[in-house]
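Note that the structure is a prediction, hence the values are computed from the model and not measured. One is the number of the first residue; the rest follow in order along the sequence.
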Amino acid sequence: MAAPDKKLTDKVAIVTGASGGIGRVVAKRLATDGFAIAVHYAGNSAKAESVVTEIKHAGRNAIAVQADVAKAADVEHLFKQALEAFGKVDVVVHSAGIMPMLPISGGDAETFDKVIATNLRGSFLVLGQAAQHAVSSPSQAASLRNLFRIMVPTSLPKQAWKAWCEFLPMNCVAET
């Protein structure tokens, strides 16, 4: 990793979904920029510990924290662990999500419920904790408010429903 930006060396980030994919890349990049990282994972501790090891070998600090982002108590635990380890949370990058590629025929409602719980409820819970713990100034509050305006133009359930109604017919056509 390159030399960290001195302005960022005292910053702390929680990155959800950091054991793989986009979250892993984001966690490593933030560490390169000087952040201490709370590496969130849902189930694969070995992959999360691998990210932590890479970050530590590069001279930055990191911890791995297991949590199901669909469970409020788990998300609270994630933030509590980061606060205990680093004393604060400056940035939260929520990249945890699932997208099982299953045909809609057959009606696997249990998998659908898990996707909604992880991707929608998880976003709500993580961003709620971010609003409580990572907002310490008016400018940070404005940034979070702007993030919510971009991500949730009206209401999250309404937007999820509208997106699903647009996605569902396309997926059914793709199966036939």
Examine distances only and state if a side-chain atom of [X] and a backbone atom of [Y] form a donor-acceptor pair shorter than 3.5 Å.
X     : Y     : value
His40 : Gly17 : yes
Asp74 : Asp68 : yes
Asn61 : Ala36 : no

Interatomic spacing from [atom1] in [X] to [atom2] in [Y] - rounded to 0.5 Å:
X      : Y      : atom1 : atom2 : answer
Lys28  : Asp33  : NZ    : CG    : 13.5 Å
Leu127 : Gln132 : CG    : CD    : 11.5 Å
Arg29  : Ile37  : CZ    : CD1   : 11.5 Å
Arg60  : Leu30  : CZ    : CG    : 11.0 Å

With [X], which residues qualify under side-chain contact (heavy atoms from CB on, under 4.5 Å), at least two apart?
X      : result
Ser50  : Arg24, Glu54
Ala42  : none
Asp113 : none

Check your understanding: Under a single-linkage definition using a 4.5 Å side-chain heavy-atom cutoff for Ile, Leu, Val, Met, Phe, Trp and Tyr, are Val69 and Tyr41 assigned to the same hydrophobic cluster?
Key -> no

Check your understanding: Taking a hydrophobic cluster as the set of Ile, Leu, Val, Met, Phe, Trp and Tyr residues connected by side-chain heavy atoms closer than 4.5 Å, whether directly or through intermediates, do Val92 and Val25 fall within one such cluster?
Key -> no

Exercise for review: Search all heavy atoms of Ser95 against all heavy atoms of Gly23 and return the closest pair with its distance.
Suggested key: OG-CA, 3.2 Å

Review point. So which heavy atom on Ala117 is nearest to which on Ala70, and how close?
Key: O-CB, 3.3 Å

Evaluate the side-chain proximity of [Y] to [X]: yes if any heavy-atom separation is below 4.5 Å, no if none is.
X     : Y     : answer
Val91 : Val93 : yes
Val51 : Lys47 : no
Val15 : Val39 : no

Check your understanding: Which hydrophobic side chains are connected to Val115, either touching it within the sub-4.5 Å cutoff or through other members that do?
Key ->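 In the cluster with Val115 are Ile98.
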
Which donor-acceptor pairs under 3.5 Å do side chains of residues 75-86 form with protein atoms, sequence neighbours excluded?
none

Review point. How would you list, by chain and number, every residue that makes a side-chain hydrogen bond (donor to acceptor under 3.5 Å, both in side chains) with Asp108, sequence neighbours excluded?
Key: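 Partners of Asp108 under the side-chain hydrogen bond (donor to acceptor under 3.5 Å, both in side chains) test: Thr111.
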
Revision key, fill the gap. For Thr16, the side-chain hydrogen bond (donor to acceptor under 3.5 Å, both in side chains) test, sequence neighbours excluded, returns His94

